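The structure appears below as structure tokens.
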Amino acid sequence: MSATVIDGKAFAATVREKVASHVARLKAEHDITPGLAVVLVGEDPASQVYVRSKGKQTVEVGMNSVEHKLDAATSESDLLALIDQLNADPTVHGILVQLPLPDHLNEDLVINSIAPSKDVDGFHISNVGLLGTGQQSMVPCTPLGCLMMLRDHHGSISGLDAVVIGRSNIVGKPMAQLLLGDSCTVTIAHSRTKDLAETVRRADIVVAAVGRPEMVPGDWIKPGATVIDVGINRIDAPEKGPGKTRLVGDCHYESCAAVAGAITPVPGGVGPMTIACLLANTVTACCRANDLDPPEGLTA
Ligand code: NAD
């Protein structure tokens, strides 16, 4: 068997198109322009790239983008004061504080100071609780993107056995909640799981979110299963030349693709969906703030 490749790049483009057409309608019919504020503290190079990309894509779908770049030595009280100001600003519908923060800043305190209705990353403790109890919430972008791809590929995932490898707060746990919300039977596996291979072999859906290059081999995959590879790992690629690197997922692509029914590649799978879902969450937050229905298919 050779798996269907789930093209996250193409799927993300359709999400962005839906967002852009909804933004155009909000402007034309309600004179509202959704706005996303991104706060970056310090000069971490990877974070700078992410923030630039988020800002560019926000503008491309017709939304307002505001970037606040703060010095690495910014005090907690100054950062909290900025978040208060953004919470109160009616032109800002989404607030994202780029993580990681410098060590002297308390990440939990900072994230929980964002108004839950504007928390487009879905990391605020209120949104975590709302998601866990099946109530309307802002949903973390990466798991939301995975759910959208699963729903698109399967139609319904109700009743399927799903194994999520990884229990982080930003991917593994919310992913498990979303799968449960769609009536999967969910197992969360992690570094202490006794027999990971056997656990994964039972799954109709495998979501790998570990951060270990190619750790899931094809012989762990049940024939026909759907593999969603969240991992992004940079490894040496001497075949490309001295000092060269390439990106791989947490699943060994060739061997998994030979057994799976469907698989997301790395790069070009889950990755592009994350920023697309950030845009989707921003338009959702804007609609909810204005008592309007969010666009269909872009929420959990
Ligand atoms: P994390 O380090 O916070 O969590 C990793 C999890 O993997 C932990 O819960 C741990 O228990 C589990 N784990 C570690 N070793 C294991 C093992 N040997 N067997 C089973 N489980 C094990 O990582 P994260 O933030 O959840 O990210 C996971 C991966 O997803 C990383 O590669 C990251 O770069 C990637 N990621 C991608 C996107 C995207 O947009 N595609 C977004 C977020 C994270």
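The structure displayed is predicted, hence computed values, not measured ones. Counting starts at 1 for both ligands and their atoms, in listed order.
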(message) Please report the interatomic distance CG(Leu278) to SG(Cys141), rounded to the nearest 0.5 Å.
(response)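 One gets 4.5 Å once the value is rounded to the nearest 0.5 Å.
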(message) Show every side-chain hydrogen bond (donor to acceptor under 3.5 Å, both in side chains) that has at least one partner inside residues 203-212, sequence neighbours left out.
(response)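 The answer is Asp204-Lys222.
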(request) Sequence neighbours left out, what passes side-chain hydrogen bond (donor to acceptor under 3.5 Å, both in side chains) with Thr284? Give chain and number order. (result)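 Thr284: no side-chain hydrogen bond (donor to acceptor under 3.5 Å, both in side chains) contacts found.
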(request) At a heavy-atom distance under 4.0 Å, which protein residues reach ligand 1? Sort them by chain and number, would you? (result)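 If the criterion is a heavy atom under 4.0 Å, then ligand 1 touches Thr142, Ile165, Gly166, Arg167, Ser168, Ile170, Val171, His190, Ser191, Leu196, Ala209, Val210, Gly211, Arg212, Met215, Val230, Gly231, Ile232, Asn233, Val270, Gly271, Thr274.
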(message) Does this structure show an ion pair linking Arg202 with Glu198, if we count only N-O contacts that are shorter than 4.0 Å?
(response)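 Looking at Glu198 together with Arg202, the answer is no, because their closest N to O distance does not fall below 4.0 Å.
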(request) Flag the pair Arg246 and Glu239 as a salt bridge only when some basic side-chain nitrogen lies within less than 4.0 angstrom of an acidic carboxylate oxygen. (result)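 Looking at Arg246 and Glu239, the cut-off is met.
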(message) Connecting only ILVMFWY residues whose side-chain heavy atoms lie within less than 4.5 Å of each other, what is the rest of Ile235's hydrophobic cluster?
(response)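 So far as hydrophobic clustering goes, Ile235 is joined with Val248.
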